[in-house]
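Working notes, beginning with the structure itself.
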Amino acid sequence: MSLETLHQDLDQAEQAALASVEQAGDSAAMDRLRPEVMGKKSPIRQLMKMLGGLSADERPEAGRVINEAQARVEAAFAAKDAAMKEAALNQRLETERIDVTLPGAFPLPLGALHPLTQTLNEIVRIFTAMGYDTATGPEVETEHYNFDALNFAPNHPARDSHDSFYLPGGGLLRTHTSPVQIRYMQNHKPPIQIIAPGRTFRVDDVDATHSPVFHQVEGLLVDENVSLAHLNGTLTAFARAMFGSDLATRFRASYFPFVEPGAEMDVQCWECGGKGTGCRVCKSSGWVEILGAGLVHPNVLKSVGLDPQKVSGFAFGMGVERIAMLRYGISSIRNFYENDVRFLRQFA
Ligand code: DAH
């Protein structure tokens, strides 16, 4: 064995290894090639066995060239391996690319505020502009807050379980937002100026104008020397903002246990302009009732420890569904709760 033969064999083995690296077409081929080219048993390393046939002073040189050849092959393999991995990654990035600037696959339906929410927002906006704070109270009430403190007589028919939802553990679902008046006055001193929107409950079968769950907005103002004139001015301003500035308003005497005197407020019909002939909004009366109101009853003030000789106030309450139905000309309250998008879309 001569150094020359070794050089020839080494050269051959290196060329063969480089050629097979060159030819490997995909990463599977590279994986198959790896042990053969890189491993301990690679043809180039095998040539180490021939060192024994060389003279002692030839061996170091021979070992060095074998190692160098192996290193060149490994470098070629590693370079090709890296290039192939990068190409594969690039291809994945290309094929799996998501173009976030493309429009969605379907038009996303755009929601809108529910007509009740829009109506409530408008009511709140108008009173907020007049300086009212917004207060809330619980939907599960006690008889004290829902009736007693509001001056309901012990035998008042509204207390009947045919009208109110009583709960097994005591208490009831509030039948109106008026109990918020009591709760607020217990925790705040006059001057008081609040509205209290919220959900209310009554034992009613569903028909065109009734629902067991509905919404109200309560109002309460308590201060010194509050009179019917203040009530009149406030609610007239509200009605004009809500229904139209050129419409007349009127108060009719009415009864609610927690106010004295009590009244209902009508707005001249915006549909027929008050003429009333054959109008479905005002049922041909020329007037539309929109709320109940009055001066806070002395017994109500006393129930929260206020002195009716020193302070007075007015209160009012309105149904959000009713106002929304009047405002949009909706004939059945059911429409609000069925969530038929063909209905809801009209208010978008
Ligand atoms: N709570 C009454 C109802 O549910 C509405 C009402 C009337 C509220 C007169 C008031 C008021 O504050 O003064 O029918």
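Remember, it's 1-based here, ligands and their atoms both numbered in the order they're listed. Numbers for residues simply follow the sequence, beginning at 1.
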_Closest protein heavy atom (residue, atom, distance) for atom 12 (O) of ligand 1_ =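 Atom 12 (O) of ligand 1 sits closest to the protein heavy atom E218 OE2, 2.6 Å.
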**Study point:** Nearest neighbour in protein (non-hydrogen) for atom 11 (C) of ligand 1
**Key:**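 Looking at atom 11 (C) of ligand 1, the protein heavy atom closest to it is F258 CE1, 3.3 Å.
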For atom CG of D205, decide whether the heavy atoms of other residues, nucleotides or ligands shown that lie under 6.0 angstrom number more than 12.
->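 No, not enclosed.
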Task: Heavy-atom side-chain contact between T175 and F201 under 4.5 Å - done: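 A side-chain contact under 4.5 Å is absent here.
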Q) Side chains of V206 and Y337: closer than 4.5 Å at any heavy-atom pair? A)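 They are not in side-chain contact.
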Mark up the atoms of ligand 1 that fall under 4.0 Å of a heavy atom belonging to G292, in ascending order.
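Selected atoms, number and element: 7 (C), 9 (C), 11 (C).
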Need the ligand 1 atom indices (1-based, order shown) with element for anything under 4.0 Å from a heavy-atom of A315.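 Result: 12 (O), 13 (O).
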Report yes or no: does a heavy atom of [X] sit under 4.0 Å from some atom of ligand 1?
| X | value |
| --- | --- |
| M318 | no |
| F314 | no |
| R174 | no |

request  = Counting heavy atoms only, name the option from R202, H176, H297, Q181 that's nearest to atom 14 (O) of ligand 1.
outcome  =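 Heavy atom nearest to atom 14 (O) of ligand 1 belongs to R202.
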Under-4.0 Å salt bridge between [X] and [Y]:
| X | Y | answer |
| --- | --- | --- |
| R45 | E74 | yes |
| E338 | R334 | no |
| R183 | E141 | yes |
| D163 | R202 | no |
| K310 | D223 | no |

Evaluate [X] for polar contact with ligand 1, using N/O atom pairs at a separation under 3.5 Å.
| X | answer |
| --- | --- |
| V259 | no |
| T175 | no |
| F256 | no |

At a non-hydrogen distance cut-off of under 4.0 Å, which region of A293 contacts ligand 1 (side chain, backbone, both, or neither)?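 The answer is the backbone of A293.
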Next item on the list: Check E264 against ligand 1 and report side chain, backbone, both or neither, counting heavy atoms closer than 4.0 Å.
Entry: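 Looking at E264 and ligand 1, no heavy atom falls under 4.0 Å.
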Taking M84's backbone N and O only, do any of them form a donor-acceptor pair with S27's side chain (distance below 3.5 Å, no angle check)?
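No, the answer is negative, given that no donor and acceptor are paired below the 3.5 Å cut-off.
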